[in-house]
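Only one structure is covered here, and it is reproduced in the block below.
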Amino acid sequence: MNSDSTIEADDAKGALSSRDLREDIRRVIASARDSSFGSPDAWMRGHAPAFSARLAQSGFIGMTWPREYGGRGALNTERLVVTEELLRAGAPVAAHWMSDRQIGPAILRYGSPELQRRYLPAITEGRISFCLGMSETESGSDLAAVRTRAVHDGTVFRITGRKIWTSHAHRSTHAYVLARTGDGAQKHEGLTEFIVDLSLPGVSTRPILDLGGEHHFNETIFDDVQIDETDVIGEVGNGWEQVTDQLAFERGGLERVLSTYPVLSACLEPQNQSRPRFAELGGLLARLAALRSLAFEIAQSVDAGEAPKQAAAILKYLGTGFERDVVEHARFALAVAPDQGGSEVQRLLASGILAVPGATIRGGTTEVLLTIISKGTDGGDTVPDDLASMLDSALVDAQSAKDEQDQWNAITALGLPGIGSDEERGGSGGDFSDLVTVARKLGEHPLSVPVVASAIANRALTAAGRDIDPDRVRTVSLGSRLSVARAAGGIRVTGTLDRVPWSAAPPEVVVAAGMLDEDLVLLAIPLDSPNVQLRPGSNLAGEPRWAVVLDGSALEESAIIGKAQAVVVAQNEVVMLNAAALLGAMGKAIRLAVKHSRDREQFGRPIGAFQAVGHAIAAMYAAHTIARVALKRAVSGSAADPWNSLAAKILAADAATLVAKNAHQLLGAMGITQEHPLHASTLRIWAWRDEAIAEDEAAEWLGVEASRVGESRYWQWLTGERPSVAADPTIFDRDGRS
Ligand SMILES: Cc1cc2nc3c(=O)[nH]c(=O)nc-3n(C[C@H](O)[C@H](O)[C@H](O)COP(=O)(O)OP(=O)(O)OC[C@H]3O[C@@H](n4cnc5c(N)ncnc54)[C@H](O)[C@@H]3O)c2cc1C
């Protein structure tokens, strides 16, 4: 390999350093960058064989393939590092994208050793390029209906038919062709995959211009084209099975998310923001972070030898919706007229608008994806670990307790409020991710005890070196900053804490934030202190949420248990656990809706058999999946980084809102009765989405901060290179209002 890369192929899979890879691909991009870079949809439209050859020389094509074929034995997660940098740059990569993404992997998975030797090195060396011959005029979404025929004749196949929408067929050396070799009882039978050299006699292409006047589409005509019988991929007649695997590769990559990234990138630069819409921008940034994490989950599955069809369908469905929303956001935020002959920003917006309609069609339409997702849905949230299973049965038992006090006793007997707190200090041990599982499970089971609030308070106290009695109720409220002043023998605290989680057994301590001089401090305030008034209240789900009014309450200096960092960690935990509780509640609602769609019949069949119902379920499931991924990213990130926790909250609240809406619609009148259990989930969704921090406030915070630091720093956070930076990492009550 003649490489300008500093990376050499490693023997062991996964031995490449992501950081080195990233630096390496950035160097190649920087040295090649010209005016063909930076456009939306460049992975499909930007056909630059010279740049693809450059990437080939640097070992960036077929990098997951074995070294004997010119690959580097890299993981798919490592390949993703490279592709995301290319997509970020809007690099013209269409000349090799299809080969690298799906044809090579299909040949590796199903092709004969001879086929692998013939084609894989030619791809990694940039000598050949592929287009995709799947669609036909009468066969779009219904791909199995292809009519192109291949007849076995001695040692050759003779192919006759017409493929349409074949992107770059006029520039490619080879085509992947799905053709009919037999007539089975089902149309999915008798299909076979072929590799066709486009220079063979009988092949011709007819250009089709797209709506912007560009020529990338073609009709490709095969008129008795004779190909060697060894150019079959896999088994004759097994084409359908094989091509559906290939579609998982086709749909599960970041090009289904980042096609319009150059437009988003422009929106992140303050000089372009004519009419900033920070909350909308923040919502997009949160979605992008979660979509990226989902793409990495998919790549991990592929590395494990799977073809994650359903997850790939979710990524493409949500990713292309995201791409569209980016452009709609840019229309207003950039506030320029789209113009292909205008300024750079005008051209960018124009090409984004023109690219978007194709994104939700190519590679499987949104409607087809929703059908695929709905077929694999068994009902939302599952947390398959021991703790979750134990909680499921224990929480059902706790529900049958005679009153809230008894419920609390049952919960403390399990040690739940002490989870995530040091055992040496009276906690139950475990880590924050265990507490996340507890919060999710409590979200599924309708118990109104402030376990999570107590657990966060316990964590803050034990982290400050205090011992706790985990049977006592504690609570937390970080929504406003109290005023703290030094006074003789201690401190005085003034201010109001609103909507504090409460219980039948009153909490003994509330953990809150305060400002002492110019410093943010974490306080543990005993609620039997002087000048503390309590005002009862409740949320929409009927859970007690009281106000705590402090009027110059005199406390000991020891009430201060931490500084700003402790406040930031506690606030992030509050937000992540709120997102976890929402996930639990929506998982339960999805399960109820799925069950109902199977049990309830109308018009002589289960309502789930109607496509509209299946798609509504799929939308819920997809939203739940992306919220789950966002929370996972937040929990595995830095405890002091608010960007991830806010992103998790935004996606959880958005998903929960959609789930509550769709679940009620599917359950009909029955779902809005007291008798049906759905309201236990939906009332809490509507109450909890506003708690900790409402999603619009979280999104605005994120949008403002990301615009302040700009695209480059945002990207580093997105890719995990560097944590976020915030002018003030506290996310509640930033201007000191209570
Ligand atoms: C930019 C672009 C590049 C492309 N490149 C290639 C390429 O290189 N090679 C290639 O082979 N193909 C390519 N295609 C074709 C693409 O795969 C097809 O357009 C796609 O599969 C949809 O087929 P269709 O356009 O015939 O629409 P149809 O299948 O006719 O669908 C029309 C509408 O009906 C809906 N519909 C259809 N069936 C159902 C159903 N069962 N339930 C609900 N709704 C349904 C669809 O969702 C859609 O909204 C490309 C397309 C685009 C836009």
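As the structure lists them, so they are numbered: ligands from 1, and atoms in each ligand from 1. Fair warning: this is a prediction, and the values are worked out from it, not measured in the lab.
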Does R72 make a cation-pi contact with F60 (under 6.0 Å, within 45 degrees of the axis)? yes
With sequence neighbours left out, which residue pairs that include part of residues 190-208 fulfil the side chain to side chain donor-acceptor pair (under 3.5 Å) condition? Y176-E193, T181-T192, E193-Q242, E193-Q246, D197-S199, R206-E219
So, using ring pair (Phe, Tyr, Trp, His ring centres under 6.0 Å) as the criterion, who are the partners of F217 when residues are at least two apart? W165
Please list, by chain and number, the protein residues whose heavy atoms come under 4.0 Å of ligand 1. M44, L132, M134, S135, G140, S141, W165, T166, S167, F217, G358, I361, R362, G363, T365, E367, Q611
Residue list, salt bridge (Lys or Arg N to Asp or Glu O under 4.0 Å) with R88, at least two apart or on another chain: E85, E711
Regarding R256 and E323, does a basic nitrogen lie under 4.0 Å from an acidic carboxylate oxygen? no
Testing the 3.5 Å rule here: is there a donor-acceptor pair between the side chains of D245 and Y110? yes
